[in-house]
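Step one of this worksheet: look at the structure below.
Hydrogens, waters and symmetry mates are skipped; everything else that's a heavy atom, side chains included, is used.
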Amino acid sequence: MGKLTVGALRVVLVVVFAGTVFVQAGMVWAVVSGSDPEDGSLPLTALRVITALGMLSVQVALACVWRLVTMVRRGTVFSHRAFRSVDVLIGAIVAAALVWFAVTAVNAPGQREDPGVSLIMAGVGVAILGVALIVHVLRMLLAQAVARDVEATQMQAELDEVI
């Protein structure tokens, strides 16, 4: 991976991380200060807490991607240490899907006249779970690559002994 690609990705990760911290701080401040009273149309406090938790899951995913990009840049991604980051990344994506399903459930009573909105929101949650499955497949590919790398290292060692 080139320096420009790594640099651009890191800039994006930092900007997204800063945005999630900003949103998270705003949600926590609104809940703690009570400055925006609910009008009864939506349970805003629950949505704010759920949003803050969703931002946390995004932040965890960003940290995992940062760690993996660092490993790629150093050439150490094909190691068993990478699995920890990928597993946490999958967990963060699943957590984000669960948070989205919670948002859908909180929002559903207000959509009684138009249940299609809730169905669309549930579909988005399923799509988020699909991303977790894609990352899981990529994890299996990483496992195969690590196994092949270990096998190649063993064969190289055997070849060095013969020579």
Flag the pair Leu138 / Val86 as yes when at least one side-chain heavy-atom distance between them is below 4.5 Å, and no otherwise.
no

Identify whether Ile90 and Val88 are in the same connected component of the hydrophobic contact network (ILVMFWY, side-chain heavy atoms under 4.5 Å).
no

Are Val23 and Trp29 connected in a single hydrophobic cluster, I mean Ile/Leu/Val/Met/Phe/Trp/Tyr linked by side-chain heavy atoms less than 4.5 Å apart?
no

Are Ile50 and Val124 joined in one hydrophobic group, where the rule is that I, L, V, M, F, W and Y side chains link up if heavy atoms are under 4.5 Å apart?
yes

Is a donor from one side chain sitting under 3.5 angstrom from an acceptor on the other, for Arg10 and Thr70?
yes

With a 4.5 Å cut-off on side-chain heavy atoms, are Asp160 and Gln156 touching?
yes

Contact between Met27 and Met55 at the side-chain level, heavy atoms closer than 4.5 Å - yes or no?
no

Treat each ILVMFWY residue as a node, draw an edge where side-chain heavy atoms are under 4.5 Å apart, and state whether Leu56 and Trp100 are in one component.
no

On a heavy-atom basis, the closest approach of Ala82 and Met71 is N-CE, 3.6 Å

Between Ser118 and Thr104, which heavy-atom pair has the shortest distance, and what is it?
O-CG2, 3.7 Å

Find the distance between CG (Asp149) and OG1 (Thr153) and round it off to the nearest 0.5 Å.
4.5 Å

Closest heavy-atom contact between Pro109 and Ala105?
CD-O, 3.3 Å

Gap separating the CG atom of Leu129 from the CG atom of Leu98, nearest 0.5 angstrom
7.0 Å

Rounded at 0.5 Å granularity, tell me how far OG in Ser79 sits from CZ in Arg84.
9.0 Å

Non-hydrogen side-chain atoms of Val106 and Phe101 separated by less than 4.5 Å
no

Spell out, yes or no, whether Ile134 and Leu141 are grouped together once hydrophobic residues are joined by side-chain heavy atoms under 4.5 Å, including indirect joins.
yes

Please round to the nearest 0.5 Å and tell me the distance separating atom OG1 of Thr20 and atom CD of Gln59.
3.5 Å

Quick check for you: to the nearest 0.5 Å, what is the distance between Arg148 atom CZ and Met155 atom CE?
11.0 Å

Got a sec, which pairs hit ring-ring contact (aromatic ring centres under 6.0 Å, His included) with one end in residues 51-87, sequence neighbours left out?
His80-Phe83

Ala97 and Gly125 have their tightest heavy-atom pair at CB-O, 3.9 Å

Which heavy atom of Gly54 sits nearest a heavy atom of Val99, and at what distance?
CA-CG1, 3.7 Å

Report yes if some heavy atom in the side chain of Met140 is under 4.5 Å from a heavy atom in the side chain of Val137; otherwise report no.
yes

What heavy-atom pair brings Leu89 and Cys64 nearest, and what distance separates the two atoms?
N-SG, 3.8 Å

Test side-chain contact (heavy atoms from CB on, under 4.5 Å) applied to Arg48 and Thr51, step by step
CA-CA 5 Å; Arg48 287 184 180 120; Thr51 300; 5.6 Å; no

To the nearest 0.5 angstrom, please state how far the CE atom of Met121 sits from the CG atom of Asn107.
4.5 Å

